[in-house]
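Bear in mind the structure is a predicted one, so any value in this text is a computation, not a measurement. Every chain is numbered from 1 and lettered A, B, ... according to where its sequence line falls, protein lines coming before strand lines.
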Amino acid sequence: MQKTLLLVDGSSYLYRAFHALPDMRNAANEPTGALYGIINMLRRLRIDYPAAYLACVFDAKGKTFRDDMYADYKATRASMPEDLVKQITPIHAAVRAMGWPILMVEGVEADDVIGTLTVQAVAHGMDAVVSTGDKDLAQLVNDHVTLINTMNNEKLDRAGVIAKFGVPPERIVDYLTLIGDTVDNIPGVAKVGPKTAVKWLAQYDTVDAVIANAANIGGAVGENLRQVLDWLPKAKELVTVKTDCDLSAHMVSIPESLKAPEQDKDTLIELFTRYNFKTWLRELSGPGDTAVVAEGAGKTADNDSVAKSAQGGAEPAQSSLFSKVERHYETVLTEAQLDQWLKRIDGATLTAVDTETTSLEPMTAQLVGISLCCEVGTAAYIPVAHRYQDAPAQLSREFVLEKMRAWLEDDSKPKVGQNLKYDSHIFANQGVNLRGIVHDTLLESYVFESHRSHDMDSLALRHLNHQTITFQEVCGKGASQIGFDEVEIGRATEYAAEDADITLQLHLAMWPHIVDDAKLRFIYEEIEVPTSVVLQKIERNGVLIDASRLATQSNELGKRMLEIEQQAYDLAGQPFNLSSPKQLGEILFEKLKLPVVKKTPSGSPSTDEEVLQKLAEDYPLPKVLLDYRSLSKLKSTYTDKLPKMVNQNTGRVHTNYAQAVAVTGRLASNDPNLQNIPIRTAEGRRIREAFVAPEGSVIVSADYSQIELRIMAHISGDENMLRAFAEGVDIHRATAAEIFGTPAAEVTSEQRRYAKVINFGLIYGMSAFGLAGNLGIERAAAQMYIEKYFMRFAGVKQFMDETRVQAKAQGYVETVFGRRLWLPEINSPNGQRRQGAERAAINAPMQGTAADLIKLSMIAVQNWIETDRLKSKMIMQVHDELVLEVPQDELELVRVKLPQLMAGVAELRVPLIAEVGVGKNWDEAH
DNA sequence: CTGCTAGCATA
DNA sequence: GTATGCTAGCAGA
């Protein structure tokens with residue numbers, strides 16, 4: 001592999017970091033902003049550009065040759081602010097401790113040192129990557145030297161330089177000579193800016209040639225040019241970066257002198273302690289830092305609420321880095337513009353992609369425009385289907401997609417987006433298969449802060465301190481809402497290009513929080529991102545529904561409901577709306593004077609199932625209502641609704657899996673929800689009969705057996721429970737045997753039922769009160785069972801206590817794989833809320849680990865299907881169950897392999913077991 | 001038309 | 001007692 005030398009223009013970042021970050025200070029009131037910014041930047045760099053050889057170059061004190069040849073060199077530059085001066089020493093110390101050789105050469109500017117090193121590196125057969133915020137260094141770029149700007153993710157190779165400046169790298173010196181450099185106080189030609197410089201260079205090629213032809217250039221600028229003919233050669237020398245400096249006094253040889261040393265952990269701990277970078281510190285001293293050290297990186301600020309409040313605002317969102325970036329948004333209306341953007345994104349390290357469409361329904365929405373951003377602040381919007389009075393001519397949807405297809409479908413062109421699963425559908429609707437999804441800001445936020453909101457507007461506000469243009473501002477709301485295709489293109493560009501720009505910035509802001517944390521990184525890279533790709537496929541596969549069967553059921557249900565309705569009217573002595581809890585309450589509790597069993601949170605008498613069940617013991621009407629309710633639920637939610645959700649094009653039902661809503665890591669299914677299709681009652685199960693396989697295929701369902709209890713056994717390490725699972729016995733029976741102190745063979749069905757309720761209660765963080773309610777026994781009796789349980793399963797008790805402690809101490813609990821589940825209310829002064837959070841804390845590791853496991857299963861199964869080119873397809877996920885549609889000739893294969901894959905995704909202290917069922921429909925497959 | 005409550009389907 | 005999403009009714013626009 002090609003060796004790479006990674007060079008950082010430390011000086012160029014000093015000022016930028018200092019000015020971009022707010023005034024941060026440690027307890028001793030020492031300024032820390034620039035220090036924080038530089039450390040953060042170097043860490044990110046090491047991750048994004050792994051290189052064996054490194055150097056961070058700073059300007060040294062003292063005059064340089066430029067000062068000697070030009071008295072006013074940098075004359076306009078103010079002296080370094082005192083707060084920055086104070087940070088220089090710690091910055092150098094930190095850079096060194098992080099394992100970066102530092103180069104400071106007296107009498108030679110950092111630029112010249114870098115220039116010289118790149119030339120030497122190339123001479124040694126290496127490539128060089130130069131990280132700088134200074135565009136002047138573009139002159140160093142060639143086939144082996146690339147420029148990157150970590151502040152805005154910009155990457156400049158030869159093509160990039162041409163795209164950005166309009167001239168190739170070897171003409172950058174000429175270009176800068178003509179324009180001048182106000183920062184260094186080097187004048188160029190008055191009134192000549194980038195446009196004119198590019199024009200002249202296109203015509204005459206070099207500054208020397210421009211000078212030679214000065215007499216032929218007309219206009220005021222021609223006159224200005226002739227005024228400075230004598231100066232230009234000197235300006236050219238000033239802006240030229242030297243590549244032949246003598247560095248022999250500072251290094252033995254290239255590249256050995258620049259081999260990255262190990263990071264100096266002790267010094268880093270000292271520095272991070274002194275400057276109060278707690279999160280980095282925690283990572284250095286905490287567990288899991290082996291992986292981190294191996295990458296030569298520590299841990300970045302996580303800005304969680306705990307950290308923030310605890311340290312009074314040190315480690316701010318690095319977002320502020322971007323708030324000052326100048327914005328340049330372009331509407332792409334011509335083929336030439338599109339070509340230029342294609343060139344840019346083709347060479348980009350990462351491109352933010354966003355689509356604008358006619359609706360939010362992923363399977364039917366039509367593409368209206370595409371926005372792109374591969375450099376912070378610079379984005380494009382490509383409208384392809386805006387249609388309103390006098391809309392300008394646009395490139396057609398088909399044309400743009402064909403031009404972009406190669407890039408969109410290229411797995412090696414890295415893309416980021418906000419919920420790219422949606423955009424993937426939009427592209428798929430047009431026959432384009434989006435590949436190369438390496439990041440998704442929705443998932444980054446979800447993995448980083450499970451409990452917070454993940455919509456782009458909130459994220460921008462939180463991480464970038466930026467208020468985005470909202471969809472509502474652009475399209476209005478309610479009846480007067482217009483489609484995005486009716487939005488004026490200029491306005492659409494402001495909105496859409498900003499979305500892509502913000503997406504890229506959000507990634508840059510959130511990624512450091514994940515990349516340095518081995519566990520979060522695993523969850524993100526190995527679970528969430530691949531899961532989103534799999535989900536998109538499952539959603540697209542869809543489920544075949546026997547609509548006529550459901551219609552028949554709807555009819556029957558309707559008839560029976562009418563009969564029941566009549567009975568209810570007779571019993572009530574008047575007609576009323578059975579679906580209205582309010583009217584029902586009046587009938588039951590006012591007219592018929594039935595006793596109020598419990599009240600709703602709002603104070604009215606409850607009429608829920610539990611209440612009606614109780615009242616049904618003594619009165620006829622409640623029973624009738626229970627029947628009505630169950631039928632009505634089935635009809636309205638399922639048998640009426642599902643046929644309406646069949647996609648006209650595919651003839652199937654396509655749910656949408658929400659990947660970032662459930663705080664435990666579970667998926668949620670909506671439009672329609674396929675995760676709550678009835679199963680408990682015979683009546684309800686008939687709906688599953690309508691979930692069918694097409695001719696020649698069958699439905700295969702595989703579900704994890706007792707997954708959450710197994711996870712509890714694993715996490716708690718409780719010996720009794722582990723043994724029960726290891727022996728493969730009936731877990732509820734085993735539990736009953738322990739609690740009631742009888743041999744397993746003598747456990748009664750009543751005892752087993754109790755044990756089962758207790759087992760479930762445990763998973764939910766049960767209290768004696770809750771258990772009593774559920775079993776219909778006294779609270780004291782319930783308490784006794786719980787105590788008995790904890791005596792026999794002491795490991796479980798210990799796990800629960802420890803989980804509560806951990807949750808309170810750090811504000812979150814973790815799954816087995818390290819997913820963080822935040823519990824904002826765990827220390828709430830409100831007892832009710834706090835106890836709620838405690839129960840959630842108990843439940844979350846189990847529910848969350850189960851979610852991790854089945855996501856890993858989905859990835860494994862999809863991978864298998866694609867590798868072996870099977871025709872079987874996943875069509876649903878229901879928390880612990882995967883449902884596939886399998887052609888007959890693949891049945892035996894799937895039947896064996898599917899549960900193996902599911903059981904094999906992780907090695908826990910208990911065996912994982914997946915049970916398979918097969919049938920013509922989903923009901924039979926269970 | 002929007003947002004809320006009550007109730008109920010699933011794991 | 002955990003985690004979700006959807007429906008109907010109803011109140012206030």
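- If you check every strand for non-hydrogen atoms under 4.0 Å, A/S632 touches nothing.
- Taking the six-membered ring where the residue is Trp, A/F484 and A/F471 present parallel rings, their angle staying beneath 30° rather than reaching 60°.
- When all heavy atoms are compared, the tightest approach of A/D718 to A/G795 is OD2-N, 2.7 Å.
- Whole-Å rounding puts the A/L667 CG to C/dT4 C1' distance at 11 Å.
- Residue A/R753 places its CZ atom among more than 12 non-hydrogen atoms of other residues, nucleotides or ligands, all under 6.0 Å distant.
- Near DNA chain B, defined here as any heavy-atom distance below 4.0 Å, the residues from residues 674-686 of chain A are A/Q675, A/N676, A/I677, A/P678, A/I679, A/R680, listed numerically.
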Give every pair of a protein N or O atom and an N or O atom of nucleotides 11-13 of chain C that lie under 3.5 Å apart, one pair per line with the distance.
none

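- No donor-acceptor contact under 3.5 angstrom links the side chains of A/Y754 and A/T735, judged on distance only.
- OP1 or OP2 of B/dA6 sits under 4.0 Å from a side-chain N or O of A/T600.
- Between A/L584 atom CG and B/dA6 atom P the separation is 14 Å, expressed in whole Å.
- Rounding to whole angstrom units, CD of residue A/Q583 and P of C/dG9 are separated by 9 Å.
- Residue contacts for A/G765: at a heavy-atom cut-off of 4.0 Å it reaches no nucleic acid atom on any strand shown.
- Residue contacts for A/N774: at a heavy-atom cut-off of 4.0 Å it reaches a base atom on one of the strands shown.
- At a cut-off of 3.5 Å, with distance as the only test, no side-chain donor of A/T803 or A/Q806 sits close to an acceptor on the other residue.
- Rounded to an integer number of Å, the gap from CG of A/L762 to P of B/dA11 is 20 Å.
- For A/F799 and A/F793, the ring centers are positioned 6.0 Å apart or more.
- Atom CD of A/Q481 is separated from atom P of B/dT2 by 9 Å (rounded to the nearest Å).
- No side-chain donor from either of A/Q810 and A/W822 sits under 3.5 Å from a side-chain acceptor of the other.
- Among the protein residues, A/S767 comes within range of the nucleic acid bases, having at least one heavy atom under 4.0 Å from a base atom.
- Here A/S606 reaches the OP1 or OP2 of B/dG7: one of its side-chain N or O atoms lies under 4.0 Å away.
- Among the atoms of the strands shown, only primed sugar atoms or phosphate atoms (P, OP1, OP2) are found under 4.0 Å from some heavy atom of A/E609.
- Nucleic acid contact for A/F760: none, since no nucleic acid atom lies under 4.0 Å from a heavy atom of the residue.
- The number of heavy atoms from other shown groups lying within 6.0 Å of CE (A/M791) does not exceed 12.
- Rounded to an integer number of Å, the gap from CZ of A/R779 to P of C/dG1 is 10 Å.
- The number of heavy atoms from other shown groups lying within 6.0 Å of NZ (A/K873) is above 12.
- Donor-acceptor pairing under 3.5 Å is lacking for the side chains of A/T600 and A/S606.
- Annotation: cation-pi pair A/R820/A/Y812 present, NZ/CZ under 6.0 Å from the ring centroid and within 45° of its normal.
- Between the CG atom of A/D608 and the P atom of B/dA9 there is a distance of 11 Å, rounded to whole Å.
- Nucleic acid contact class of A/R839 (heavy atoms, under 4.0 Å, all strands): sugar-phosphate only.
- Whole-Å rounding puts the A/I711 CD1 to C/dT2 P distance at 19 Å.
- Of the residues in residues 916-926 of chain A, none lies under 4.0 Å from DNA chain B by heavy-atom distance.
- For the 3.5 Å distance criterion, the side chains of A/Q574 and A/K591 qualify, holding a donor opposite an acceptor.
- Within the 4.0 Å cut-off from OP1 or OP2 of B/dC8, at least one side-chain nitrogen or oxygen of A/R629 is found.
- A/E449 and A/H454 share no donor-acceptor pair across their side chains, judged by distance under 3.5 Å alone.
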